[in-house]
Amino acid sequence: MDKKEVRVRFAPSPTGDLHVGNIRTALFDWAYARHTGGTFIFRIEDTDRERVTDEYIQAAIDTLKWLGLTWDEGPEVGGPNGPYLQSQRLDLYATWAAKFLEQKDAYKCYCSADELEAVREAQRAANQAPGYNGNCRDLSADQIVKFEAEGRKPVIRMRMPDGGTTFTDLIRGEVSFDHNFVPDFVLVRGDGSPLYTLAVAVDDVLMKVTHVLRGEDLLSSTPRQIRVYQAMGVKPEDYPVFAHLPFVMGQDNTKLSKRNGEVSIAWYRQAGYLPEAICNYLALLGWSPGDDLENISMKELTELFTVERVHSSPARFDMKKLEAINGDKIRALTIDEFMTWALPFLTQAGVISGTPEELALVKQALPIIQERITTLAEIPPMLKFLFVKEFAVDADSLPKISDSQSKEVLKVSYEQLQSLGDWTHESIEGVLRAALIDGMALKPRIAFGAVRIAVTGSHISPPLFESMQLLGRDKSLARIKASL
RNA sequence: GGUCCCGUCGUCUAGUGGCCUAGGACUCUGGCUUCUCAAGCCAGCUACGCGGGUUCGAAUCCCGUCGGGACUACCA
């Protein structure tokens, strides 16, 4: 695009756990930085300290790390343009606000919240566009003295000049706003703390951000941001390039929320989704590589990602497709990788405590369940039968082996298996097939079904003969005997 | 209400005037395979919001219309 080094930032305001929408933005920011060989900056927008907490900030950092979206400048790693928490940059904002005041780009506004609300109320009633009416734009010295004497705490408000703002959005093309619909806006609160409108622009300039990829909800605040650049004396050719990403919405076409799909990335993490799957799926929301390629790695994403290919229309979040991709990613894991992901789920579920024997058994068992699960959370219930101390058949499966035919199947199985020489899944299968299918003329699903329930406790299990081999001769036989 | 953005199968998307009787993926349905569940394979259903133009020709360009969303804070 140009020879200037690309600098992109992800700047969330952690008022809660990072959610699907945030992360999709972070992912695109990251992918763009990596694609261009630029710098990825992570900045925390915590000017609203009533809503942003340290816990949420830490959670945001953890989530980004877990997803593999590493940053070049930001919390923990630092960088030449820090600090990267807006709450630690307050003096910077104050300095610029004072300068704007001095330049008459901004002015003190003494209107109270109640007065402003009354104005808006009247505007709404009169069917006019609600917005600041410019009441304090040109206060006389006397009026200021009077307000000050009343003890009013002024906010600092930016003066929007007549005219309009036009800028080129990388995704939407040329976008224009008439300043008649962009009222003078507040930069600094009555208590002296900065607002997003001030901090975001100051930081983007000071951090030399070249590309602002962010949510579409910020599109209409862009003229205000550009206004601050002007007041800071930034030349138009040095403004960052904007690209407003389309929304990620819930199933019912409303904003994604608890009601129509989980939003918190932390939830997906503990539900057993792989970071690569989440990123792969999210990358497909509002962007596509162009051909029929869909299952891509993080590396491929950075190679293929361009802003030009980002959509301008919103996308609906589809859990089913995420599940499908997650299953694909799990199946593509090597056993060692799969092991690494599986262990925490098994220990947390209390299925294993982590002894070397258990680990060895898990490693042997993982291959037979790898293609049967879509999330890691499905592992514990599926392997539980191998480790459980006090075995019992599931209540809903018990009736299925209580009939006389099942009893007969189990009896024959027990007798045949007892004299089996080598305990391998091939030999187990051979013996049972001969005795039950050939000998008793039963359908495989009927015959093996009974054994399955007796041995694994459920009518749904990993492949029976492999399961029996892993369980071992003693336990397998004991369970069959117990169900006779 | 105003301003701005958006509009291809149920969903995510391919498509930038002829290769489109619109392709892929997920879902769903049916089938094959099969020791359960999966996985895999095959088949099927279903879309260019609507109306006008421009053009020999439009999903692709223009206008209108309808619909959806965002913003309209001393939130971000």
Side-chain angles (χ1 to χ4, degrees), chain A residues 11-15 45-48 50-52 109 111-113 116-117 120 123-124 126-132 153-157 169 171-172 175-178 180-183 185-191 193-197 199-200 214-223 244 246-247 249 251 253-255 281 284-295 311-325 327 331 369-374 378 382 429 432-433 436-437 443-449 451-453 456 458-467:
Chain A
S13 178
T15 56
E45 311 231 316
D46 59 345
T47 52
D48 185 358
E50 290 193 2
R51 297 202 300 149
V52 178
C109 169
C111 297
S112 71
L116 292 173
E117 184 49 42
R120 278 195 290 268
Q123 286 166 328
R124 268 192 288 268
N127 231 333
Q128 292 175 327
Y132 185 64
K153 294 274 179 238
V155 301
I156 298 176
R157 205 176 269 280
D169 185 287
I171 296 170
R172 288 149 216 282
V175 182
S176 296
F177 290 87
D178 186 325
N180 288 325
F181 307 106
V182 186
F185 57 96
V186 178
L187 297 166
V188 178
R189 292 186 180 87
D191 67 3
S193 64
L195 268 83
Y196 166 80
T197 44
V200 70
R214 69 214 312 192
E216 176 188 340
D217 50 335
L218 271 347
L219 183 60
S220 51
S221 85
T222 307
H244 288 90
F247 283 118
M249 311 213 281
Q251 302 290 345
N253 218 4
T254 59
K255 238 181 158 173
Y281 175 63
L284 264 18
L285 255 32
W287 175 83
S288 85
D291 46 25
D292 292 337
L293 194 61
E294 283 208 329
N295 191 322
H311 256 243
S312 50
S313 53
R316 248 82 31 191
F317 185 83
D318 181 13
M319 184 83 91
K320 287 276 194 235
K321 183 138 182 175
L322 204 212
E323 283 173 9
I325 290 177
R331 268 168 249 129
I369 64 164
Q370 188 166 18
E371 67 180 24
R372 293 163 210 280
I373 58 170
T374 57
E378 293 166 42
M382 208 161 265
E429 177 168 7
L432 291 182
R433 248 179 220 290
L436 305 176
I437 311 304
K443 289 214 185 308
R445 60 179 304 134
I446 302 291
F448 299 146
V451 182
R452 178 190 313 285
I453 291 170
T456 70
S458 168
H459 64 283
I460 298 174
S461 82
L464 178 60
F465 313 115
E466 285 84 346
S467 295

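Chain letters run A, B, ... following the sequence lines, proteins first and then strands; every chain starts at 1. All values below come from the heavy atoms of this structure, side chains included, with hydrogens, waters and symmetry mates left out. Predicted model only: the values in this text are computed from it and were never measured.
Every residue meeting the salt bridge (Lys or Arg N to Asp or Glu O under 4.0 Å) condition with A/Glu117, not counting sequence neighbours, appears here in chain and number order: A/Arg120, A/Arg124. Annotation: salt bridge (Lys or Arg N to Asp or Glu O under 4.0 Å) contacts of A/Asp48 (sequence neighbours excluded): A/Arg51. For the side-chain hydrogen bond (donor to acceptor under 3.5 Å, both in side chains) test, residues two or more places apart in sequence or in another chain that qualify with A/Arg452 are A/Ser461. Residues satisfying the side chain to side chain contact (heavy atoms under 4.5 Å, CB included) criterion with A/Lys320, sequence neighbours excluded, are A/Asp318, A/Glu323. A/Arg331 pairs by the salt bridge (Lys or Arg N to Asp or Glu O under 4.0 Å) definition with A/Asp328, not counting sequence neighbours. Looking at residues two or more places apart in sequence or on another chain, you find a side-chain hydrogen bond (donor to acceptor under 3.5 Å, both in side chains) between A/Glu294 and A/Lys321. Residues satisfying the side chain to side chain contact (heavy atoms under 4.5 Å, CB included) test with A/Ser221, not counting sequence neighbours, are A/Tyr196, A/Arg214, A/Leu218, A/Arg224. Residues satisfying the salt bridge (Lys or Arg N to Asp or Glu O under 4.0 Å) test with A/Arg433, not counting sequence neighbours, are A/Glu429.
Note on A/Phe465: a base of the nucleic acid sits closer than 4.0 angstrom, heavy atoms only. At the heavy-atom level, A/Gly290 lies under 4.0 Å from the strands shown only through sugar-phosphate atoms. Within 4.0 Å of A/Gly327, counting heavy atoms only, lies no atom of the nucleic acid at all. Residue A/Thr47 is classed as a sugar-phosphate contact, given heavy-atom separations below 4.0 Å to backbone atoms only. If you check every strand for non-hydrogen atoms under 4.0 Å, A/Leu218 touches a base. When heavy atoms are screened at a 4.0 angstrom cut-off, A/Gly190 is found touching base atoms of the nucleic acid. Residue A/Val155 is in base contact, counting any heavy-atom pair closer than 4.0 Å across all strands shown.
With both ends at atom C1', the span from B/C35 to B/A22 equals 44 Å, rounded to whole Å. To the nearest whole angstrom, the two P atoms, one in B/C63 and one in B/C6, are 13 Å apart. Spacing of P atoms, B/C12 relative to B/G52, comes out at 28 Å, to the nearest Å. Nucleotides B/U21 and B/C48, compared at atom C1', are 14 Å apart to the nearest Å. When the P atom is compared between B/U3 and B/A47, the two are found 36 Å apart, to the nearest whole Å. B/C20 and B/A59 are spaced 9 Å apart, taking the C1' atom of each and rounding to whole Å. B/G17 sits 11 Å from B/U60 when the P atoms are compared, rounded to a whole Å.
Residue A/Glu50 contributes atom CD, which lies 19 Å from atom P of B/A73 at whole-angstrom precision. Atom P of nucleotide B/A76 and atom CD of A/Glu45 are separated by 8 Å, given to the nearest angstrom. Distance, A/Phe247 CZ to B/C71 P: 6 Å, rounded to whole Å. At whole-Å resolution of the value, NE2 in A/His244 and P in B/A76 are 16 Å apart. Between the CG atom of A/Leu464 and the P atom of B/C35 there is a distance of 11 Å, rounded to whole Å. Atom CZ of A/Arg120 and atom P of B/C71 are 15 Å apart (whole Å). Between A/Met249 atom CE and B/U11 atom C1' there is a gap of 12 Å when expressed in whole angstrom units. At whole-Å resolution of the value, CG in A/Leu322 and P in B/U11 are 18 Å apart.
Taking only side-chain nitrogens and oxygens, A/Arg433 comes nearer than 4.0 Å to OP1 or OP2 of B/C35.
Here A/Leu436 contributes atom CG and A/Phe448 contributes atom CZ; the two are 6.0 Å apart, rounded to the nearest 0.5 Å. Separating the CG atom in A/Leu464 from the OG1 atom in A/Thr456 is a distance of 7.5 Å, to the nearest 0.5 Å. With rounding to the nearest 0.5 angstrom, the CZ atom of A/Phe177 is 4.5 Å from the CG atom of A/Leu219. In this structure, A/Arg445 CZ and A/His459 NE2 are separated by 10.5 Å, a value rounded to the nearest 0.5 Å.
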Could you pull out the protein-nucleic contacts involving nucleotides 18-25 of chain B (nitrogen or oxygen on both sides, under 3.5 Å)?
residue	atom	partner	partner atom	Å
B/G24	N2	A/Glu294	OE2	2.9
B/A25	O2'	A/Glu294	OE1	2.7
B/A25	O2'	A/Lys321	NZ	3.1
B/A25	N3	A/Lys321	NZ	3.1

What N/O pairs connect the protein and nucleotides 37-41 of chain B at under 3.5 Å? Give each pair on its own line.
residue	atom	partner	partner atom	Å
B/C37	O2	A/Arg372	NH1	3.1
B/C37	N3	A/Arg372	NH1	2.1
B/C37	N4	A/Arg372	NH1	3.2
B/A38	O2'	A/Glu371	O	2.7
B/A38	N1	A/Glu371	OE2	3.2
B/A38	N3	A/Glu371	OE2	3.4
B/A39	O4'	A/Glu371	O	3.4

Protein-nucleotides 29-32 of chain B N/O pairs under 3.5 Å:
none

Base-contact (B) and sugar-phosphate-only (S) positions in nucleotides 3-9 of chain B, heavy-atom cut-off under 4.0 Å, - elsewhere: SSSSS--
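Base pairing analysis places B/C61 opposite B/G53; the two distances defining the Watson-Crick or G-U wobble pair are each below 3.5 Å. For B/A22, there is no paired base (Watson-Crick or G-U wobble, both distances below 3.5 Å). Of the nucleotides present, B/U72 is the one that pairs with B/G1 by Watson-Crick or G-U wobble criteria, both distances under 3.5 Å. Of all nucleotides present, only B/C32 satisfies the Watson-Crick or G-U wobble test against B/G40, with each distance under 3.5 Å. The partner of B/C48, taking Watson-Crick or G-U wobble pairs whose two distances both stay under 3.5 Å, does not exist in any strand shown.
Of the charged side-chain nitrogens involved, none lies within less than 4.0 Å of a carboxylate oxygen, so that A/Glu378 and A/Arg372 do not count as a salt-bridged pair.
A/Val186 and A/Thr197 get closest at one heavy-atom pair: O-OG1, 3.0 Å. The minimum heavy-atom distance linking A/Asp169 with A/Ile171 is given by the pair OD1-N, 2.8 Å.
Remark: A/Arg157 qualifies as a cation-pi partner of A/Tyr132 under the 6.0 Å distance and 45° angle criteria applied to the six-membered ring.
Set against B/A76, B/C75, B/C74, the side chain of A/Tyr196 has B/A76 as its closest nucleotide.
Mapping A/Ser221 and A/Glu466 onto RNA chain B by nearest heavy atom places A/Glu466 closer to the 5' end of the strand.
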Chi angles and distances behind the side-chain contact (heavy atoms from CB on, under 4.5 Å) call for A/Ile325, A/Leu284: CA-CA 11 Å; A/Ile325 290 177; A/Leu284 264 18; 4.1 Å; yes
